[in-house]
There are 2 protein chains.
Amino acid sequence: MAQPTTEPDAPAPAASAASEEGRDLVRDVLGRIGDKWSVVVVCRLGGTTRRFNELRRLSAPITQRMLSATLRGLERDGLVTRTVHDTKPPRVDYALTPRGLGLLQVVRPLAGWAEDNATEIRDSRAAFDAR
Amino acid sequence: MAQPTTEPDAPAPAASAASEEGRDLVRDVLGRIGDKWSVVVVCRLGGTTRRFNELRRLSAPITQRMLSATLRGLERDGLVTRTVHDTKPPRVDYALTPRGLGLLQVVRPLAGWAEDNATEIRDSRAAFDAR
DNA sequence: CGGTATCCGATATGATACTG
DNA sequence: CAGTATCATATCGGATACCG
């Protein structure tokens with residue numbers, strides 16, 4: 001980011017998320033995909049291209065408003081493409097970009113973990129709340 | 001849902017998160033770790049055990065309140081253990097449980113992806129907002 | 001040291017109605 | 001079909017102060 005001059009040598013971020021502002025950035029990115037629906041939508045998109053209402057059914061019970069907002073956020077981050085076909089009735093296709101596919105690769109294991117551990121976690125919560 | 005009778009063979013949920021209530025559960029779990037700090041704290045804990053303020057420094061700029069709340073949430077889900085040593089001054093150790101270590105395995109790649117793509121995503125956002 | 005209690009504003013999300 | 005606009009609310013999370 002625009003450090004024009006005077007770099008002694010310090011290129012290597014070395015460990016993870018070293019720089020101060022780098023960590024802010026990483027938390028921003030995680031916050032984006034950490035909203036209620038992004039992970040669901042990315043997983044539902046997968047490697048194929050889907051239309052709006054198709055995606056909505058697959059991601060139920062997402063509301064129209066939230067799907068729209070989620071997709072715009074993902075598009076803003078360069079994770080999905082939005083293609084408008086000028087037909088009647090209108091048709092809009094969404095698909096993951098290469099960057100979005102990269103996200104899918106790391107997010108699918110997460111969703112899998114959540115699924116695998118869901119019932120045990122629910123039990124842990126119940127036990128914790130019981131005392 | 002609830003195909004009462006006559007299942008020819010259909011045992012496999014095949015794809016991910018098949019059952020209706022299963023999906024709710026999965027979204028609950030994802031919502032938990034999708035808050036602002038859980039991923040950071042889990043990564044900072046890693047395989048070692050840390051004290052409260054130590055963790056707080058490592059997770060800066062988290063507030064005391066949020067670290068406390070985040071840790072309690074993770075403990076509730078059976079992802080971290082909380083060990084109180086009755087010394088003076090008090091000392092409390094936190095560590096990931098086996099289940100928490102499992103989460104770490106899938107969350108670390110996610111954090112790595114966020115780090116790797118942070119600047120490009122920031123640029124995409126700027127470009128999107130510009131128009 | 002390791003918290004909890006309280007207050008409060010920002011944001012995320014849902015419900016509903018309307019549109020090209 | 002694929003959205004947007006508006007309103008209401010719940011929750012998140014920061015600041016601050018106090019406690020054992």
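The chains referred to below are lettered A, B, ... by the order of the sequence lines, with proteins before strands, and numbering in each begins at 1.
- With a 4.5 Å cut-off on side-chain heavy atoms, A:L110 and B:L103 count as touching.
- In this structure, A:F52 places its CZ atom 11 Å from P of D:dC1, rounding to the nearest Å.
- What separates CG of B:L67 from C1' of D:dC12 is a distance of 16 Å, to the nearest Å.
- Listed nucleotides: C:dC1, D:dG3, C:dG3. Nearest to the side chain of A:S68: D:dG3.
- With rounding to whole Å, B:M66 atom CE is found 14 Å from C:dA10 atom C1'.
- With rounding to whole Å, B:R57 atom CZ is found 11 Å from C:dC1 atom C1'.
- At a threshold of 4.0 Å, the pair A:R125-B:D77 counts as salt-bridged, since one of the basic side-chain nitrogens sits closer than that to a carboxylate oxygen.
- Ranking C:dA15, D:dC1, C:dG2 by closeness to the A:R65 side chain, first place goes to C:dA15.
- Side-chain atoms of A:Y94 lie closest to D:dG3 of the nucleotides D:dG3, D:dG14, D:dC1.
- Distance, A:R27 CZ to D:dG14 C1': 13 Å, rounded to whole Å.
- Side chain of B:E115 to backbone of B:G112: no donor-acceptor contact under 3.5 angstrom is found.
- Comparing B:P89 and B:A69 by the nucleotide of DNA chain C that holds the closest heavy atom to each, the one mapping nearer the 5' end is B:P89.
- Neither OP1 nor OP2 of D:dG20 sits under 4.0 Å from any side-chain N or O of B:K88.
- Taking atom CG on B:D35 and atom P on D:dG14, their separation rounds to 11 Å, with Å as the unit.
- The A:W37 side chain lies nearest to C:dG14 when the options are C:dG3, D:dG3, C:dG14.
- Of the candidates C:dG14, C:dG3, D:dA2, D:dA2 carries the atom nearest the A:P90 side chain, counting heavy atoms from C-beta on.
- A:R56 comes within 4.0 angstrom of nothing in the nucleic acid, heavy atoms only.
- For the pair B:Q105 and B:R108, the tightest heavy-atom approach, listed with the atom from each and the gap, is NE2-NH2, 3.9 Å.
- Distance, B:E75 CD to C:dG2 P: 15 Å, rounded to whole Å.
- In this structure, of D:dG3, C:dG3, D:dC1, it is C:dG3 that holds the atom nearest to the side chain of B:R82.
- The B:R72 side chain lies nearest to C:dT4 when the options are C:dG2, C:dT4, D:dG3.
- One finds a side-chain N or O of B:T63 lying less than 4.0 angstrom from the OP1 or OP2 phosphate oxygen of D:dG14.
- Using a 4.0 Å cut-off, some side-chain N or O of B:K36 falls inside it from OP1 or OP2 of D:dG14.
- Rounded to an integer number of Å, the gap from A:I62 CD1 to C:dA15 C1' is 15 Å.
- With no hydrogens or angles considered, no side-chain donor-acceptor pair links A:S124 and B:R76 at under 3.5 Å.
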